[in-house]
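These values consider heavy atoms only, across backbone and side chains, with no hydrogens, waters or symmetry-generated copies. Each chain gets a letter, A, B and so on, in the order the sequences are listed, and its residues count up from 1. Note that the coordinates shown come from a computational prediction; the quantities given were computed from them, not determined experimentally.
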2 protein chains.
Amino acid sequence: MPISDALRRDLADIEVLEDPRMVRLKSRDFFWFSPVLKRALDDKRADLVVVPRDKAELMRVAASCARHRVPITVRGGGTGNYGQAVPLSGGVVLDMAKLDRMIWQKPGAGRFQAGARMLEIDRLLAPLAHELRFYPSTRQAATIGGFVAGGAAGAGSCTWGQISDPGAVLGVEVVTVEETPRLIELRGRDVLKVMHAYGVNGIITEVEVPLAPLHPWCERIAVFPSLAAAAKFAHVFTECDGIAKKLVTVFDPQIVPYLRRLMPYAQAGEAMAIVMVSEPQAEAFELLAADHGGRVTFRRSAEEAQQAAYGGGDMPPIYEFTWNHTTLHAIRVEPSITYLQLRFPPVVNLELVDWVAKRFENEVLLHLEFQRRFGKVTCSSLPLVRYTTDARLDAVMAELDAKGVAVSNPHTYVLDNAGWKRVDAPQAEFKRLADPHGLMNPGKLVDWRAEPLRATA
Amino acid sequence: MPISDALRRDLADIEVLEDPRMVRLKSRDFFWFSPVLKRALDDKRADLVVVPRDKAELMRVAASCARHRVPITVRGGGTGNYGQAVPLSGGVVLDMAKLDRMIWQKPGAGRFQAGARMLEIDRLLAPLAHELRFYPSTRQAATIGGFVAGGAAGAGSCTWGQISDPGAVLGVEVVTVEETPRLIELRGRDVLKVMHAYGVNGIITEVEVPLAPLHPWCERIAVFPSLAAAAKFAHVFTECDGIAKKLVTVFDPQIVPYLRRLMPYAQAGEAMAIVMVSEPQAEAFELLAADHGGRVTFRRSAEEAQQAAYGGGDMPPIYEFTWNHTTLHAIRVEPSITYLQLRFPPVVNLELVDWVAKRFENEVLLHLEFQRRFGKVTCSSLPLVRYTTDARLDAVMAELDAKGVAVSNPHTYVLDNAGWKRVDAPQAEFKRLADPHGLMNPGKLVDWRAEPLRATA
């Protein structure tokens, strides 16, 4: 669908990118972690990337796309893994990068423009002794709006749960894609309408979140004689209510060689735990690690860790080896590797971890992320998978699911198929209101016209 | 045991109190919540109260008591409930009130003299955007040293667990009671040696704790049609990892009339939940309360709540109706009331709450405090008991214990009998080291000479 001259005229004084390399770059995310998505999405391109400077320009873009019936795909940092920001039908990619201001901050909460990058938000908040509760391992590039629209968890989840938990997002401002766009403020549970919806039902322009008061997070790596020992430690450590922590990650011994920069910190066959803990409590962490047969091999102070996050020094911040960065590092070493997204049910999580490790010994390499889920400690997992065929990938997921391990399929770009990561909320209903012409990120929410628009919507 | 002239000479320039009314006052705590302890302790008195100005004076007191073999009982705010600070054998009461300085504060931790009152600590910390993780309902009078030596939990436990949890105390400085007193710094797990030990094994002079970054805690009361509904709400609310909270208390409908100031906020037969929640997340609390049939009847902003804590206005801070303040209010209305200390095991806690409420309908009135314990949400309880006889009290405790509800008997002043509140640590062993003459708070740790002093101690 070529972009009409009329649309170009409408956008005359708004920044657009048309250079094919830039358009290609801004039409992609990290979907290529999945061989399935790589095949499906590799050639998808926008016709035009539009970079509004402020909300007024953004509303003009929304109005123009509605008037000319041009598809519009909202893009944050482009750090998604399921093609959330890949335009399936061309049209406009709306780059939110310049809507990046902090609107306000007060004790315990802050409001930000959707395009604000999460690392930059934390840089602004640090002098105010606050920080974001969560960030993905892509903190440097990820935007707060993108995290709400396409993310779920990350560093911070060991304490705060997930971004879809009650109270974890206070408010979201959305611009509708209509000839005369409206600003809608969603608050309370209504925020779920647009959360994890990949931008199919309104342009998220502002996000209001509770903030965590700032802790001095230092970094530690401990190694253990086995995955089971590391996982047991990580579970008990996460259950220590009295130790303030930001990150608890565990790697099967087979994963460590893929993390080149971390290899010096483990011997062959050792499982690894990565932890960010409040600096005054690092000693309590070390005692507990020793109890579980652990050996601490890497220590970096909170100040050094913060410098690393802001780009100082050689060794990246340690969270850049965790969550889906683990997969990135592994693919760089062995391009045939892909991954899954699992959630182990609480109470029996360690038993199931053992079962998976044995059942899929050299095929599914467990990478665990310990977190709180509705008041209980458990682990989710982004295991590395030595990929062979799509059919085998499906068979592995089916077997895990049958055993009671919740699977969220990361090998689909369709929201309807995404399993437990899909927030159970009236996303389709809200789409009928906020995107009546069905222009937003078309093809991601397949089933949205199934129900008639209610008169009260 | 009359105080010798030699001791008086030793203490010549140190402040002492000898006025009988003052000595009586400083020889008591809130043991009279228990009819058993009231009988046992009502006539116990020190001979002399000594109020050292600094650590040098304190060490002179310790040396003198050792030299003259005078019993020494350390006193913080005197807010204990088991006679922790009551001298059973006369002698000196060592009043820590003047050792009340903040030694230092850094991000995530602080160190304080043991006599610093917890409200005053928080007043100092507030401009630094920090606060203590926990405080008892007696925050205004309670000292940090007393809390470590005789306390366990309080406001903050719904997030941070208990003061004896791993990492919850970083270090403790102790002065031994010997002719030449020594300063001993206990760190890591060694702090358990003197925790909840009622000051039988060394004078705690400094306490180093991890601090919580400051949240703006607002106050709310919600009422529910039944105890079961209120308890279910409180459990689910405490499990909401994404809602920052400081206090979650539930009262059986029968308790509300004892809390005169709160009576306007409930109708007859309604159960009450008291909550302190991070102000920006109050809306998330209200949604959840409504889900459970709750009605919010009292709202006070974080700023007003803080003013109330610092003595402004008519209505006390809301935490002064919770934890063992509930019992205090009830005894003022009905002097025959006493209380118990229960801990409900996780997972089945709500079932057991129902069982207790039915089994002891008008005799044991449930007051629940929801908290995290080793990564799981459960409730402890300080139920009001309509006291009849000691034998009946024992029978109730035995029946609760048999049913799987953990009982910590608050009707004994002997550490050895105190059940789960007694920290399982080598308190006796450390007593042989820190108090070789057995002068400290004699009679509280009965069994301490049972094992011989090890050469390595």
Which one wins on heavy-atom pair count under 4.5 Å against chain B: A/Gly167, A/Gly161, A/Pro280? A/Pro280

Between A/Phe285 and A/Phe233, is the ring centroid distance below 6.0 Å? yes

Relative to chain A, which segment of [X] carries a heavy atom at a distance below 4.5 Å: side chain, backbone, both, or neither?
X	answer
B/Glu283	side chain
B/Ser157	neither
B/Leu287	both
B/Ala129	side chain

Side-chain donor or acceptor of B/His196 paired with backbone N/O of B/Gly151 under 3.5 Å: yes

Are A/Pro166 and A/Phe374 packed together at the side-chain level, in the sense that at least one heavy-atom pair is separated by less than 4.5 angstrom? yes

Student check: side-chain heavy atoms of A/Arg111 and A/Glu173 closer than 4.5 Å: yes

Select one option (side chain, backbone, both, neither) describing which atoms of [X] are under 4.5 Å from chain B's heavy atoms.
X	result
A/Leu288	both
A/Pro107	both
A/Ile243	both
A/Thr159	backbone

Considering only heavy atoms and a distance below 4.5 Å, find which of [options] pairs most often with chain A.
options	result
B/Arg189, B/Glu279, B/Lys106, B/Arg187	B/Arg189
B/Cys240, B/Ala284, B/Gly188	B/Gly188
B/Leu211, B/Asp291, B/Thr238	B/Asp291
B/Ala244, B/Ala302, B/Ala168	B/Ala244
B/Ile163, B/Leu128, B/Leu170, B/Asp165	B/Leu170

State plainly whether the residues A/Arg372 and A/Asp241 are in salt-bridge range, i.e. N to O under 4.0 Å. yes

Say whether B/Ser301 and B/Glu304, considering side chains only, have a donor N or O and an acceptor N or O under 3.5 Å apart. yes

Going through the checks in order, is the ring-ring contact (aromatic ring centres under 6.0 Å, His included) test met by A/Tyr319 and A/Tyr135? CA-CA 9 Å; A/Tyr319 59 78; A/Tyr135 49 77; 4.8 Å; yes

Taking CD in A/Glu185 as the centre, count heavy atoms belonging to other residues, nucleotides or ligands within less than 6.0 Å. Is the count above 12? yes

Only one of B/His130, B/Arg139, B/Gln306 passes side chain to side chain donor-acceptor pair (under 3.5 Å) with B/Asp122; say which it is. B/Arg139

